[in-house]
Number of protein chains: 2
Amino acid sequence: MAKTSTEQNGAKTLSDQAYLKLRSDIIHGVLQPDEKLRIEHLRTEYGVGASPLREALSRLAADGFVTAEGQRGFRVAPMSEEDLEDITRLRILLEKQALCQSIEHGGDEWESQIVASFYQLEKVEESAERDPAEWEMRNHDFHEALIAGCTSKWLRRFYGILYDQHKRYRNIALSTEIPRDLHQEHEELRNTALARDKKRACDAIEHHILRTAEITQRVLREESLQKKEIA
Amino acid sequence: MAKTSTEQNGAKTLSDQAYLKLRSDIIHGVLQPDEKLRIEHLRTEYGVGASPLREALSRLAADGFVTAEGQRGFRVAPMSEEDLEDITRLRILLEKQALCQSIEHGGDEWESQIVASFYQLEKVEESAERDPAEWEMRNHDFHEALIAGCTSKWLRRFYGILYDQHKRYRNIALSTEIPRDLHQEHEELRNTALARDKKRACDAIEHHILRTAEITQRVLREESLQKKEIA
DNA sequence: ATTTGCAAAAATATCGATAAAAAACTTGCA
DNA sequence: TGCAAGTTTTTTATCGATATTTTTGCAAAT
């Protein structure tokens, strides 16, 4: 039976719901970098009490989406070019590692999921609408499929955080357009992974992440220039 | 002026204090793996209300020291050989990376701190008392000094979590003895770092971490054997 | 014009009480 | 005895209220 609309996802508690909603709003730029997060205001906005909100914010602080200073409350984590570069470099290191482990340990199920999720991603990339939200989902599924064979829980955990941090930059920078030439990179990624070619797969993933980061960075730089011109 | 005893450290709020105390108690085995963490019980034990406790537990869940299941409360994160191995492998990857960056970017201050912290560690290792708590602190300072030149915030963050997770295993497994031959590994580490020899420094750190993990794992295995014999 | 001091306002952190859920414990019945 | 349904107890999650701290606003003084 379908659950109530307030708990359609895996969120059993108000705290979880608040966590997921805040997280999503930060990633999608609804809550702007550095913005103050006043409990009283969020209370009315999200329709939950102070306790679950503070719990959610504490968790978000632990994975770097908000900053917390004692007696001064919370704010959305700032964004900067250095931070993007930092995230990018570490994401490359971890995703390479996870990919290598996957190539070593992945079985039939792993291969199937790569083929399937690549196909779904391809469909979105070539479709007329090119819905960015849909693309984000499929892109995430594809990357998850690639590293699904990785057995390290900690690697998965850290990678997940970095993926979402990266996603925040992508979303804010390129909220509308999907670069067309990402597709062939995904294809190379699929082929090298299925061929169990660690070296080339790692090169492909590094190149792919660097490329998207570069695009993001360029848009980010242009935006910050515009802001300075206004000021 | 000296602060009140309840806020001698950097903890400005009750939530922070509870977080640090719980964290420390988990790392030092005061709170056992898998142990249920009942709010009402902790309330009396730690002398704070439910709200700061829940915030602290939420944060601890985010960095993997406790597990949280909706409507079922919190418990101390379990320990296992697989988890130790997982932590060990990833810690090696990250500490190598951080060390390389340090060797590249570290300046005079970085070198000085390595020499200084190594000296302090050496003193404890060769002293008659061989106080494990003192050794833990000095060991931490030395490893921190080695990677102090690393400019990546995210790498530092993740490394910090893994270091403390590793420390939990160390503490529970070897709460009393300090293996004597760790000293020469530290020396090799200091020398190769100061010589700016990335390759050898990385080998040294890998070997060092693997060695301590092996010792820990052996003790862990013996303990779990004893438990099974009793049962 | 800038700073200083203080009072008012706002926001944070925390507590105590309560509703909701899960676990433990009966009790009735085959 | 075994076990299913209902009932009590325990525990979790959440709200509303309050004490404490920070920020703001404003007037007097340098």
Side-chain angles (χ1 to χ4, degrees), chain A residues 1-23 25-26 31-32 34-62 65-78, chain B residues 1-23 25-26 31-32 34-62 65-78:
Chain A
M1 198 193 296
K3 297 272 183 172
T4 316
S5 70
T6 47
E7 50 171 294
Q8 76 268 85
N9 34 31
K12 295 235 167 297
T13 74
L14 290 187
S15 189
D16 290 344
Q17 288 168 232
Y19 171 79
L20 291 171
K21 188 67 167 51
L22 282 164
R23 189 176 215 270
D25 284 352
I26 290 169
L31 297 168
Q32 293 280 311
D34 237 14
E35 182 179 338
K36 187 90 221 292
L37 294 167
R38 283 185 220 78
I39 303 284
E40 202 53 29
H41 178 249
L42 294 177
R43 248 180 58 88
T44 63
E45 194 79 13
Y46 290 77
V48 292
S51 320
L53 269 177
R54 292 186 57 85
E55 273 175 48
L57 290 168
S58 299
R59 287 161 67 186
L60 288 166
F65 283 108
V66 320
T67 59
E69 200 184 349
Q71 307 284 30
R72 303 249 209 129
F74 303 86
R75 39 182 66 232
V76 178
Chain B
M1 197 193 293
K3 296 273 184 171
T4 315
S5 71
T6 48
E7 50 172 294
Q8 76 265 84
N9 36 28
K12 294 238 168 299
T13 75
L14 289 186
S15 189
D16 290 344
Q17 289 167 232
Y19 172 79
L20 292 172
K21 188 67 167 48
L22 282 165
R23 189 177 216 271
D25 283 354
I26 291 169
L31 297 167
Q32 293 281 311
D34 237 14
E35 182 178 339
K36 186 90 222 293
L37 295 167
R38 285 186 218 78
I39 302 286
E40 201 55 28
H41 179 249
L42 294 178
R43 248 179 59 87
T44 62
E45 195 78 11
Y46 291 77
V48 292
S51 320
L53 269 176
R54 291 186 58 85
E55 274 175 50
L57 290 168
S58 300
R59 288 160 67 186
L60 288 166
F65 283 108
V66 319
T67 60
E69 199 184 348
Q71 309 283 31
R72 303 250 206 132
F74 303 86
R75 41 181 66 232
V76 178

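On a predicted model such as this, the values are computed, not experimentally measured, just so you know. Labels below follow one simple rule: chain letters A, B, ... track the order of the sequence lines, proteins then strands, and each chain is numbered from 1.
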Q | Protein-nucleotide distance (A:Arg38, atom CZ; D:dT21, atom C1'), rounded to Å | A | 16 Å
Q) Taking the side chain as C-beta and beyond, is there a heavy-atom pair between B:Leu42 and B:Val48 under 4.5 Å? A) no
Q: Compare side-chain N and O positions of B:Arg54 against OP1 and OP2 of D:dA13 and report whether any pair is under 4.0 Å apart.
A: yes
(Q) Within the 4.0 Å heavy-atom criterion, would you say A:Thr13 contacts the bases, only the backbone, or no part of the nucleic acid? (A) sugar-phosphate
Q.
Among B:Val76, B:Leu37, B:Leu31, which residue satisfies the side-chain contact (heavy atoms from CB on, under 4.5 Å) criterion with B:Val66?
A. B:Leu37
Q.
Between B:Glu35 and B:Gln32 (side chain of the first, backbone of the second, donor and acceptor by atom type, cut-off under 3.5 Å), is there such a pair?
A. yes
(Q) Mind checking if B:Leu57 touches a base, just sugar-phosphate, or nothing, with heavy atoms under 4.0 Å? (A) nothing
(Q) Rounding to an integer number of Å, can you tell me how far B:Leu37 CG sits from D:dT12 P? (A) 9 Å
Q) At what angle, to 10 degrees, do the two end axes of the helix from C:dA1-D:dT30 to C:dA30-D:dT1 meet, given five pairs define each axis? A) 20°
**Q.** Distance, rounded to the nearest Å, where B:Lys36 contributes NZ and C:dA22 contributes P
**A.** 12 Å
Q: Starting at atom CD of B:Glu55, determine the distance to atom P of C:dA13, rounded to an integer number of angstrom.
A: 7 Å
Q. Is it true that a side-chain atom of A:Arg75 and a backbone atom of A:Asp34 form a donor plus acceptor pair closer than 3.5 Å?
A. yes
Q.
What is the separation between atom CD on A:Glu40 and atom C1' on C:dA9, rounded to the nearest whole Å?
A. 14 Å
Q: Please state how far atom CD in B:Gln71 lies from atom C1' in D:dA13, giving the value in whole angstrom units.
A: 6 Å
Q: Please test B:Gln17 against B:Lys21 for side chain to side chain contact (heavy atoms under 4.5 Å, CB included), starting from the C-alpha separation and ending with a verdict.
A: CA-CA 6 Å; B:Gln17 289 167 232; B:Lys21 188 67 167 48; over 6 Å; no
Q.
On DNA chain D, compare the nucleotides closest to A:Pro52 and A:Arg72; which residue's is nearer the 5' end?
A. A:Pro52
Q | Value in whole Å for how far the P atom of C:dA21 lies from CD1 of B:Ile39 | A | 18 Å
Q: Give a yes or no on whether a salt bridge exists between A:Asp16 and A:Arg59, defined as a side-chain N under 4.0 angstrom from a carboxylate O.
A: yes
Q. Is A:Leu22 close to A:Phe74 at the side-chain level, that is, under 4.5 Å between some pair of heavy atoms?
A. no
Q | Atom pair distance, as rounded to whole Å: CZ in A:Arg43 and P in C:dT12 | A | 12 Å
